Amino acid sequence: MTVRVRFAPSPTGYLHIGSARTALFNWLYARKTGGKFLLRVEDTDLQRSTEESTRSILEGLAWLGIGDYDEEIVFQSNNADKHRAAALRLIEEGKAYRDFTPKEDRADANVKRDIAERARAQAATEGADHRSNPFRDLSLEESNGRAQAGEPFAVRLKVAREGQTHFADAVYGEQTRDHSEIEDLVLLRSGDLSPLYNLSVVADDIEMAVTHVIRGQDHLTNTHKQVLIYEALGTPVPTFAHLPLILAPNKAKLSKRKHGEVVSLTTYRDRGFIPAAFRNFLALLGWSPGDDREVLSLEEMISEFSLEGIHRSNAVFNFSESDARQWTDQKALWMNAEYIRTMPLAELTPMVRSELESARLWKPEYEAEERAWFERTLELIRQRFYTLKDFSGQGRAYLSDDFEFDPQAVAKNLKKEPRLRGLLPALADALEKVEPWTAEGVEAALRAFADAAGVKAGLLINSSRTALTGQAVGPSMFDVFDVIGRARSVKRLRDATQLV
RNA sequence: GUCCCGUUCGUCCAGAGGCCCAGGACACGGCCCUUUCAAGGCUGAAACACGGGUUCGAAUCCCGUACGGGACGCCA
């Protein structure tokens, strides 16, 4: 039997990194097993679902490199009629019943608290059970009659009084739940008879012939309800594999409302992440290949991936809301830097190009006559960059004459030594005559100049760095001279005199 | 409240009875390299939640406690 998995987001906002990880694990499992990776948009909540959100989710998947789903996208809202028909059929079969209890409106804001309170209250009531609905045992004739008379009703699944449901979770193991713990869940809303989540998921998974349901652990206990629906529908249940949750540093569920943009996948794209790096980081949250490897290629991830390698304990996504340098998990940042400095330059270049384009630093020559120079420059500067943004930020002085001087660098490397006012132009004169203009040639000339002037080479090296790049830190200075070139180097040395 | 799940360095992971006085990575400290900052090399500090069992032997198995998380909706 070929494996068929699906990623089923509800389009009510951007793609959450937890959802992105769920998608990734589904994708990896499909690719690993030679199965199909399907996509289903769960847009049954018409109030909150937007096309914009659907688009952003698709973009996010594509960005991560897992947008190659194998069949047409299924929009759950298109299947509402089928889901309704299935529920109505269950009434005929005596597996579900009409509940004529008037609908009670719930304020969305405090639902979670209300539910807990209601559960407490019910537990306190003597002899109360989930099977006490007065309409549960109404005869089919009477039920049909009242429905035909136009009385509004919801449809509930008739859960057996005795017994329990079982399923073997591929991650969490054997799961058992007493029927007494499960209420007669609503399948169809009263009024418009629109299908509810649990019914829709099961019906669609059946229709899409999904064999493995891989999703967040927040669905673990509700899975029993779904198992009951599968049984009522007379269909074998798929394999379930629940994933541990990704928590915020305070161990609460990572949420959009409380934690902001750090949970949005698009943030990482917008802040200069390499898709492969972020994907690599995400894969290691809740899963590991079983050894000490940290950097894994996509091929390695696919070949090593297994449901057995998934953990049971939640992972904390570590970041700080008060420290800008730790705006996201440090390991994600490190992973990104690792990719930036080690990935094939040919793969990095297009990403740098689009970053430079949006910063108006890109020149067509970089792909034509200046291509060799451009690549040499990227090779040099990428060694200490963390995100793509650094190419237009710290990398600016290499690509444009319009760059800023870091005041601290100026204070430390230029203002401290008044003699530089004379030394810098003199060094510029000396360098003007260097042949050939290479890192070695410049180094020899600069050291000779320092000796002759009776100053340490370090003084000239550090002041040159600031004069040429505006910064106090950077690559080996002789490589910087090389890449910035004779004309610009000489000019910047002379111009820097004003800053001394 | 009820049910379910979990608990190895600050964080992410390795560990499936002796290889572990617990290993790797990020972050942090030191040293080396060095013109700076990184990278790299070496190195330091840093954890098996607690209590009982089982066993010749437990981070690993069992029980309990504590703590954390999740679910319980005519949301998805």
Side-chain angles (χ1 to χ4, degrees), chain A residues 8-10 12 42-45 47-49 76 99 101 103-106 108 111-112 114-124 130 154-156 169 172-173 175-178 180-183 185-194 196-198 200-201 216-225 242 244-245 247 249 251-253 281 284-295 311-319 326 329-335 337-338 341 383-386 409 412-413 443 446 456-462 464-466 471-478:
Chain A
S10 60
T12 53
E42 308 216 316
D43 56 348
T44 51
D45 185 341
Q47 248 75 57
R48 295 193 297 153
S49 299
Q76 192 159 68
D99 181 358
T101 310
K103 185 176 182 175
E104 78 179 88
D105 281 320
R106 247 170 233 293
D108 215 45
V111 259
K112 292 291 177 192
D114 291 351
I115 290 164
E117 273 169 19
R118 200 177 62 137
R120 251 189 296 278
Q122 206 193 0
H130 288 307
V155 176
R156 285 183 185 271
D169 192 90
Y172 288 92
Q175 300 293 313
T176 302
R177 190 156 194 191
D178 239 72
S180 64
E181 300 290 336
I182 307 170
E183 70 170 346
L185 61 145
V186 176
L187 267 16
L188 260 31
R189 286 187 184 86
S190 70
D192 64 358
L193 295 182
S194 56
L196 263 344
Y197 174 73
N198 285 119
S200 296
V201 173
Q217 192 231 53
D218 44 347
H219 290 284
L220 187 63
T221 45
N222 283 336
T223 300
H224 289 100
K225 294 178 180 175
H242 288 87
L245 267 20
L247 269 24
K251 312 256 192 210
K253 211 170 159 182
F281 170 77
L284 263 17
L285 231 39
W287 173 80
S288 96
D291 53 35
D292 286 342
R293 277 176 292 173
E294 303 283 343
V295 178
H311 300 179
R312 282 170 282 276
S313 54
N314 296 337
V316 171
F317 188 69
N318 208 9
F319 62 95
Q326 293 179 45
D329 198 293
Q330 296 268 285
K331 197 158 184 173
L333 249 11
W334 167 80
M335 184 72 78
E338 182 70 18
R341 67 177 166 256
Q383 298 304 328
R384 54 209 77 203
F385 285 175
Y386 276 81
K412 181 179 167 215
N413 290 334
E443 176 162 12
L446 184 143
K456 281 192 187 165
L459 173 69
L460 297 173
I461 288 166
N462 288 325
S464 296
R465 178 173 294 108
T466 301
Q471 294 156 25
V473 301
S476 163
M477 196 51 211
F478 303 111

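Proteins come first, then strands; the chains are lettered A, B, ... in the order of their sequence lines, and each starts at number 1. Note that the structure is predicted; figures quoted are calculated from it, not measured. Below, all heavy atoms of this structure are taken into account, side chains as well, without hydrogens, waters or symmetry copies.
Pair assignment for rG23(B) gives rC13(B), based on Watson-Crick or G-U wobble hydrogen-bonding distances that are each under 3.5 Å. Using the Watson-Crick or G-U wobble rule with both distances under 3.5 Å, rG57(B) pairs with nothing in any strand shown. In this structure rU36(B) sits in no base pair that meets the Watson-Crick or G-U test at under 3.5 Å. Using N1 to N3 plus N6-O4 or O6-N4 for Watson-Crick, or N1-O2 and O6-N3 for G-U wobble, each under 3.5 Å, rG73(B) pairs with nothing. Within the shown strands, rG30(B) is the pairing partner of rC42(B) under the Watson-Crick or G-U definition, both distances less than 3.5 Å. Across the strands present, rC50(B) finds its partner in rG64(B); the criterion is a Watson-Crick or G-U wobble pair with both atom distances under 3.5 angstrom.
A donor-acceptor pair under 3.5 Å is formed between the side chain of Tyr172(A) and the backbone N or O of Arg312(A). Judged by distance alone, the side chain of Asn314(A) and the main-chain N or O of Leu245(A) form a donor-acceptor pair under 3.5 Å. Asp43(A) contributes a side-chain N or O that, together with a main-chain N or O of Gln76(A), makes up a donor-acceptor pair within less than 3.5 Å.
Side-chain nitrogen and oxygen atoms of Asn318(A) include none within less than 4.0 Å of the OP1 or OP2 phosphate oxygen of rC12(B). Contact check, Lys251(A) against rU11(B): a side-chain N or O comes under 4.0 Å of OP1 or OP2. For Arg312(A), no side-chain nitrogen or oxygen approaches OP1 or OP2 of rU7(B) to under 4.0 Å. Between Arg156(A) and rC74(B), a side-chain N or O to OP1/OP2 separation shorter than 4.0 Å is present. Phosphate contact (OP1/OP2 of rA38(B), side-chain N/O of Arg465(A), threshold under 4.0 Å): absent. Phosphate contact (OP1/OP2 of rU35(B), side-chain N/O of Lys412(A), threshold under 4.0 Å): absent.
Taking atom C1' on both rA22(B) and rC4(B), the two are 31 Å apart, rounded to the nearest angstrom. As rounded to the nearest Å, rC20(B) and rU11(B) have P atoms that lie 24 Å from one another. Annotation: rG51(B) and rG40(B) have their C1' atoms spaced 47 Å apart (nearest Å). On the P atoms, rA14(B) is 24 Å away from rA71(B), given to the nearest whole Å. Taking atom C1' on both nucleotides, rU54(B) is separated from rG6(B) by 23 Å, rounded to a whole Å. Atom name P, nucleotides rG29(B) and rA45(B): the rounded distance is 16 Å, in whole Å. Here the separation of rG64(B) from rU7(B), taken at their C1' atoms, is 15 Å to the nearest Å. Taking atom C1' on both nucleotides, rA59(B) is separated from rG23(B) by 13 Å, rounded to a whole Å.
Residue contacts for Lys103(A): at a heavy-atom cut-off of 4.0 Å it reaches a base atom on one of the strands shown. Counting non-hydrogen atoms under 4.0 angstrom, Thr44(A) reaches the backbone sugars and phosphates but no base. Residue Asp45(A) is classed as a sugar-phosphate contact, given heavy-atom separations below 4.0 Å to backbone atoms only. Ser476(A) comes within 4.0 angstrom of a base, heavy atoms only. Gln471(A) comes within 4.0 angstrom of no nucleic acid atom, judged by non-hydrogen atoms across all strands. As judged by a 4.0 angstrom heavy-atom cut-off over every strand, Phe317(A) is placed among residues making no nucleic acid contact. Among the heavy atoms of the strands, none lies under 4.0 Å from Pro249(A). Residue Lys253(A) is classed as a sugar-phosphate contact, given heavy-atom separations below 4.0 Å to backbone atoms only. Within 4.0 Å (heavy atoms only), Ser10(A) reaches sugar-phosphate atoms of the nucleic acid but no base atom. Backbone-only engagement by Tyr172(A) is indicated by non-hydrogen atom pairs under 4.0 Å involving sugar-phosphate atoms exclusively.
In this structure, the side chains of Tyr197(A) and Asn222(A) stay at 4.5 Å or more apart for every pair of heavy atoms. Proximity of Glu294(A) to Lys331(A): side-chain heavy atoms (C-beta onward) are separated by under 4.5 Å at one or more points. For the pair Pro289(A)/Leu284(A), a side-chain contact is recorded, criterion being any heavy-atom separation below 4.5 Å from C-beta on. Between Leu187(A) and Arg156(A), every side-chain heavy-atom pair lies at or beyond the 4.5 Å cut-off. Side-chain atoms of Phe317(A) and Leu247(A), non-hydrogen and from C-beta on, never get closer than 4.5 Å to each other. Annotation: side chain of Phe319(A) is not in contact with side chain of Gln326(A) (no heavy-atom distance under 4.5 Å).
Gln175(A) places its CD atom 15 Å from the P atom of rC72(B), with the value rounded to the nearest Å. Between Phe385(A) atom CZ and rA39(B) atom P the separation is 14 Å, expressed in whole Å. Protein atom CG of Leu333(A) is 14 Å distant from nucleotide atom C1' of rA38(B), rounded to whole Å. When rounded to the nearest whole Å, the span between CZ of Arg177(A) and P of rC3(B) equals 10 Å. Lys225(A) places its NZ atom 11 Å from the P atom of rA71(B), with the value rounded to the nearest Å. Put simply, NE2 on His224(A) is 14 Å from P on rC3(B), counting in whole angstrom units. Between Leu245(A) atom CG and rC12(B) atom C1' the separation is 16 Å, expressed in whole Å. Rounded to an integer number of Å, the gap from CD of Glu183(A) to C1' of rU2(B) is 13 Å.
Within 3.5 Å, a donor on the side chain of Arg384(A) pairs with an acceptor on the base of rC37(B), or the reverse. Checked by distance alone, Ser190(A) brings a side-chain donor or acceptor within 3.5 Å of a matching partner on the base of rC74(B).
Ion pairing between a basic and an acidic side chain is recognised when a charged N comes within 4.0 Å of a carboxylate O; Lys253(A) and Asp218(A) show such pairing.
Looking at Thr223(A) and His242(A), their side chains do bring a donor and an acceptor atom within 3.5 Å of each other.
Once the 5.5 Å centre distance and the 30° plane angle are applied, the aromatic ring of His219(A) is found stacked with the base of rA76(B).
Nearest to the side chain of Glu181(A), among rU2(B), rG70(B), rA76(B), sits rU2(B). Proximity note for Asn462(A) (side chain, C-beta onward) versus rU2(B), rC72(B), rU35(B): the nearest is rU35(B).
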Note to self: For nucleotides 13-29 of chain B, give me one character per nucleotide, 5' to 3': B if any protein heavy atom sits under 4.0 Å from the base, S if the only such contacts are to the sugar-phosphate, - if neither.
What the structure shows: SS--------BBBSS--
